[in-house]
Every structure is written in C-alpha cells, then in structure tokens.
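Since the structure comes first, as structure tokens, the remarks are kept for the end.
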Amino acid sequence: MTEKPGSGQDGYHVAIAFVVVLFFLWGMANNLNDILIAQFKKAFVLSDFGTSFVQQVFYFGYFLFSLPAALLMQGRGYRIAIMTGLGCYGAGALLFYPAAEFGRYEFFLVALFIIAGGLAFLETAANPLMTEIGDPAGAARRLNWAQVANPIGTLSGILIGKYFILSGKTLDPTDPTLSEAAKTLFYRNEILSVRGPYITLGLFVLCLAMLAAFIRFPPVQHHGSGEGKRNSLYGLFRKPRLRFAVIAQFFYVGAQVAVWSYTIRYAEANAHMTEASGANALLISLILFACGRFCGTSLMVRFAPNTILQFFAAASLLLTLGSSALSGHAGLYCLVLASFFLSIQFPTIFALGVEGLGQERRLGGSLMIMAIIGGAVLTGFMGHVSDFMGIRLAMLVPSLSFAVVLAFALYIKRSEARSIP
C-alpha cells in the first residue's frame with residue numbers, strides 16, 4: 001500500500017487521530033513505570049538506586065532506537081515506522097507474563113527495554129508528523145494540542161497501576177513471626193500482580209499495529225544519498241539552536257521522570273504517608289499536568305510559546321526547590337504543584353528546537369528523542385543522592401535541570417530578538 005501525497009491536513013484526518021492515540025499510549029507506558037518502581041521496590045526488596053534501573057533501562061532503549069527509527073521512517077515512511085513501534089511495544093508488554101512466571105527483576109527490565117524501543121519509533125514518527133502538517137508558525141501550538149492525549153494516558157496508567165497492580169500491603173522482612181513461606185508467598189503475589197494489565201495492554205497495542213496497515217499517512221520526501229544523510233546528521237550538531245534544545249530536552253525529561261518516579265517515595269519518606277496515599281499524590285500530579293497542558297496551550301494563542309516556556313520552567317524550578325527545602329506536607333504540595341508547570345515543556349522544546357530545519361526536521365527530531373535518555377541518567381543519579389543524602393536533597397537534581405530549561409528559553413528569546421531588524 002503506497003502513501004499518497006497531500007497538502008496540509010487534507011486527507012489525513014484519520015492518520016492524525018490515530019497518531020493522537022499513540023500520544024495516549026506512550027503516556028500510559030511511561031507512567032506505569034512510576035507504579036512499577038514502587039511495586040518492584042517492595043517485591044524485590046530494592047534500594048532507591050536499584051529501583052531506578054526501571055527508568056534507566058527504559059530510557060536507554062529510547063536512546064538506542066531513536067536514530068534507527070528516524071532512518072527507517074525516512075526510508076520506508078511513517079506507516080512502517082509506526083507499525084514497527086507498535087509491534088515492539090506490544091511484544092515487550094506480553095513479555096511481562098514470562099518475566100512474572102520466572103519472578104526475575106532482570107527479565108522485567110528486558111521487557112521494558114523492548115517496550116521503550118517501540119516507543120522510540122512511535123515518538124520519532126509522531127512528533128515530527130504533527131509539526132509538519134499545517135502552518136509551520138503554529139507547530140508548537142499544534143504539537144501541544146496533540147499531546148493533550150499524553151497526560152490522559154499518564155492518568156490512565158496511574159489509575160491502572162493503583163487499582164490493578166499496587167496491593168497496598170506491606171511486609172517487614174525482619175518480623176520474627178513471619179515464616180519464610182509467608183514471605184515467599186507475599187513477594188510472589190506482588191510480582192504476579194503486574195501480569196494482567198501488561199498482557200491486556202500488549203494485545204491491544206498489537207491490534208493497533210494491524211490497524212495501522214490500513215491507514216493512509218503523509219509521505220516522507222526522500223532526499224539525498226545515504227552519505228548525504230550522514231553528513232546532514234553531522235551538520236545538525238553544528239546548529240546551536242538544535243544543540244541547546246537537545247541539551248534542554250535531556251534535562252527536562254530527566255527532571256520529569258525523576259519527579260514522578262520518586263513522588264510516592266517522597267510522600268512516604270518526607271510526608272509519612274502510606275503507599276496508597278502516595279499514589280494519590282502522584283495521581284493529583286498528573287491531573288495538574290493535564291490541566292497545565294490545556295491552560296498552557298490555550299495561552300499560546302495570545303503569547304509566544306517560548307514566553308510560556310520561560311514562565312513554566314521558572315515556576316518548576318522554584319517549586320522543586322520548595323520540595324527540597326520544606327518538610328512534611330508542605331514539601332509534597334510543592335512537588336505535586338510542579339507538575340502543572342511541567343506540562344508544555346517537552347513539546348515546546350521539541351517544536352522550538354526543530355524550527356527552521358526544513359527537511360532535516362525528522363533527523364533533528366530523532367536527536368531530540370535520543371535526549372530522552374536523560375530520564376535514565378538523572379533518575380539513576382537522583383536515586384544515588386536519595387540513598388546517601390535523603391529524598392529531600394535529591395530534589396535538587398530536578399531543580400538544576402529546570403534551570404537548564406530556563407536557560408534554553410532565555411537563549412531562544414535573545415536569538416529571536418537579534419533576528420528582528
């Protein structure tokens with residue numbers, strides 16, 4: 001089935017709707033990880049750093065597969081890239097069944113790595129697609145509106161995790177009244193609880209992969225030889241705007257993943273709340289994230305996207321500093337409220353970074369997706385800090401990251417001011 005060219009959004013409404021569903025699906029996958037971190041910490045008796053391998057492996061998969069995804073998309077089109085991504089996503093989710101049966105943490109990490117590889121294909125295709133269809137001047141606003149489905153997916157992931165994975169039960173391994181058989185049964189049940197949601201998700205995603213075969217996507221214009229593509233990729237690194245955007249995206253994703261990964265842990269350790277209450281705090285964070293996406297995107301009708309990015313990055317910086325400085329519920333309130341201001345940062349950085357790249361937009365976008373490895377690096381680093389210095393001081397890691405995003409926004413402001421005659 002060949003892809004027919006079109007203009008603007010004409011003839012591609014079904015494809016656009018399908019891509020919006022993809023934003024929902026990777027939002028769900030990303031935030032199910034936050035539930036897995038809490039669940040695996042209990043089921044496998046892990047340290048904070050040990051649980052961070054969930055995110056480290058996941059975002060390392062993004063890093064490794066983003067560039068191959070861009071090259072496949074450039075060579076074979078959006079449909080093949082999306083079907084490949086959905087296939088990997090579905091297969092990785094189904095691998096949770098044997099991982100749970102064997103009861104091995106490393107097997108779950110392999111499954112998460114495969115899911116992440118699939119998501120790298122989906123994000124590498126979907127983000128540039130939404131910036132290319134329509135008026136280039138409205139790319140940031142259009143991508144933000146498409147990504148409204150993302151926080152809805154994140155909310156769904158947390159709700160699924162809260163009601164179908166987290167048991168709310170705890171076990172003290174030092175309790176002398178508990179037999180080894182009782183402990184083994186507890187850990188076994190906690191591990192098996194992850195099977196059902198992931199098997200259901202995997203089957204659904206594989207059905208979508210088959211459906212994608214019948215959807216007409218916009219064509220990808222082929223240009224240049226293989227050597228030309230490599231030279232184009234190298235040349236992108238010399239563009240300061242894109243280079244700074246990749247750095248900002250690295251730190252933003254690292255901050256977002258770190259904040260959400262350790263919200264439950266922060267609620268338990270700093271606000272002395274239960275696991276279920278910590279999950280509620282994370283759920284409220286994601287509701288605020290969704291509200292922030294609606295509000296921030298709506299404001300882009302009146303204000304430049306970069307102006308909103310400056311304000312939201314500054315607010316995130318101050319609130320995460322508050323979560324580090326304040327104890328008890330006050331610190332948790334700051335941490336939860338910060339999610340409102342996380343909302344528009346990823347798509348806005350993405351759109352600003354690829355602005356003006358023309359046909360190099362897809363390769364530039366793949367570099368931006370590779371920057372998602374920040375979720376692995378900074379979450380692991382934050383876990384180390386938390387283990388040795390406490391969860392409150394660990395919150396300085398996302399604070400410093402939002403300072404980098406703010407610096408990027410100010411750089412764009414200065415660059416645009418210099419370009420005005």
Side-chain angles (χ1 to χ4, degrees), residues 30 127 131 139-141 143-145 147-148 150-151 154 240-263 285-286 288-326 331 333-355 367-369 371-375 377-379 381-382 394-417:
N30 278 270
N127 284 295
T131 64
R141 185 170 65 253
L143 183 55
N144 270 282
W145 277 124
Q147 288 222 15
V148 165
N150 185 260
T154 65
R241 182 187 186 105
L242 177 63
R243 186 168 60 243
F244 202 166
V246 170
I247 293 171
Q249 203 71 287
F250 174 92
F251 281 98
Y252 166 72
V253 174
Q256 175 191 293
V257 173
V259 165
W260 289 346
S261 295
Y262 292 112
T263 292
S285 298
L286 298 176
L288 289 172
F289 180 80
C291 292
R293 178 65 57 79
F294 278 105
C295 294
T297 306
S298 298
L299 287 172
M300 289 182 186
V301 176
R302 298 186 59 187
F303 301 97
N306 185 55
T307 300
I308 300 173
L309 179 62
Q310 292 173 53
F311 178 73
F312 276 43
S316 302
L317 168 60
L318 293 174
L319 287 167
T320 48
L321 283 174
S323 70
S324 179
L326 300 173
Y333 294 153
C334 287
L335 185 62
V336 169
L337 183 57
S339 289
F340 180 92
F341 298 99
L342 300 182
S343 53
I344 58 92
Q345 294 187 46
F346 179 91
T348 306
I349 293 169
F350 188 98
L352 292 173
V354 300
E355 187 176 308
L367 296 179
M368 208 83 70
I369 301 302
I372 288 176
I373 196 175
V377 176
L378 295 187
T379 303
F381 179 61
M382 189 170 171
M395 286 300 160
L396 292 175
V397 175
S399 297
L400 293 173
S401 300
F402 291 125
V404 175
V405 176
L406 179 58
F408 168 73
L410 294 173
Y411 167 81
I412 295 296
K413 178 182 178 181
R414 288 194 299 269
S415 298
E416 293 176 346

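Quantities reported herein were computed from a predicted structural model and do not represent experimental measurements.
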Fill in: Contact check, side chains of Phe250 and Ser401, non-hydrogen atoms, under 4.5 Å
no
Worksheet item: Looking at Tyr411 and Pro240, what are the two nearest heavy atoms and their distance?
Response: OH-CB, 3.4 Å
Discussion item. If I take atom CZ from residue Phe350 and atom CG from residue Leu367, how far apart are they, to the nearest 0.5 angstrom?
Written reply: 10.0 Å
Worksheet item: Hey, what's the ring geometry for Phe289 with Trp260, parallel, tilted or perpendicular (30° and 60° as the breaks)?
Response: perpendicular
Worksheet entry | Side-chain (Arg241) to main-chain (Leu352) donor-acceptor, under 3.5 angstrom | yes
Item to complete: Taking the side chain as every heavy atom from C-beta outward, state whether Met382 and Pro398 have any atom pair closer than 4.5 Å.
Response: yes
Worksheet item: Between Thr154 and Asn30, does a side chain to side chain contact (heavy atoms under 4.5 Å, CB included) hold up when you go through it step by step?
Response: CA-CA 7 Å; Thr154 65; Asn30 278 270; 5.8 Å; no
Worksheet item: Nearest heavy-atom pair of Val404 and Ala248: which atoms, and what distance?
Response: CG1-CA, 4.3 Å
Practice prompt. Check the angle between the aromatic planes of Phe311 and Phe341 and answer parallel, tilted or perpendicular using the 30° and 60° thresholds.
Written response: perpendicular
Worksheet item: Got Leu400 and Phe251 here, is their nearest side-chain heavy-atom distance under 4.5 Å?
Response: no
Discussion item. On a heavy-atom basis, which atom in Leu242 and which in Gly353 lie closest, and how many Å separate them?
Written reply: CD1-O, 3.6 Å
Fill in: Matching residue for Cys334 among Thr320, Leu326, Leu321 - test: side-chain contact (heavy atoms from CB on, under 4.5 Å)
Leu326
Item to complete: Please examine the side chains of Ile308 and Thr348, heavy atoms only from C-beta on, and report whether any two atoms are closer than 4.5 Å.
Response: no
Discussion item. Closer than 3.5 angstrom, by distance alone: can the side chain of Asn306 be matched with the main-chain N or O of Ala409 as a donor-acceptor pair?
Written reply: yes
Discussion item. Any side-chain to backbone donor/acceptor pair from Gln249 onto Ile372? Under 3.5 Å, distance only.
Written reply: no
Practice prompt. Report yes or no: does Thr263 contribute a side-chain atom to a donor-acceptor pair with the main-chain N or O of Val259 at less than 3.5 Å?
Written response: yes
Worksheet item: Do Ser285 and Phe340 have side-chain heavy atoms sitting under 4.5 Å apart?
Response: no
Worksheet item: Roughly how far, to the nearest 0.5 Å, is the CD1 atom of Ile349 from the CD1 atom of Ile412?
Response: 10.0 Å
Worksheet item: How far apart are the closest heavy atoms of Thr379 and Tyr262, and which atoms are they?
Response: O-OH, 3.3 Å
Worksheet item: With a 4.5 Å heavy-atom cut-off, do Gln256 and Ser339 have their side chains touching?
Response: no
Practice prompt. Indicate the ring-plane relationship of Phe244 and Phe408, choosing parallel, tilted or perpendicular according to the 30° and 60° boundaries.
Written response: perpendicular
Worksheet item: Within a strict 4.5 Å, meaning less than it, do heavy atoms of the Leu319 and Phe402 side chains meet?
Response: no
Practice prompt. State, yes or no, whether a side-chain contact exists between Met300 and Ile344 at a heavy-atom distance under 4.5 Å.
Written response: yes
Practice prompt. Verify the distance criterion only: is there a donor paired with an acceptor across the side chains of Ser316 and Gln345 at less than 3.5 Å?
Written response: yes
Worksheet item: Stepwise, does the side chain to side chain contact (heavy atoms under 4.5 Å, CB included) test hold for Ser343 with Phe294?
Response: CA-CA 9 Å; Ser343 53; Phe294 278 105; over 6 Å; no
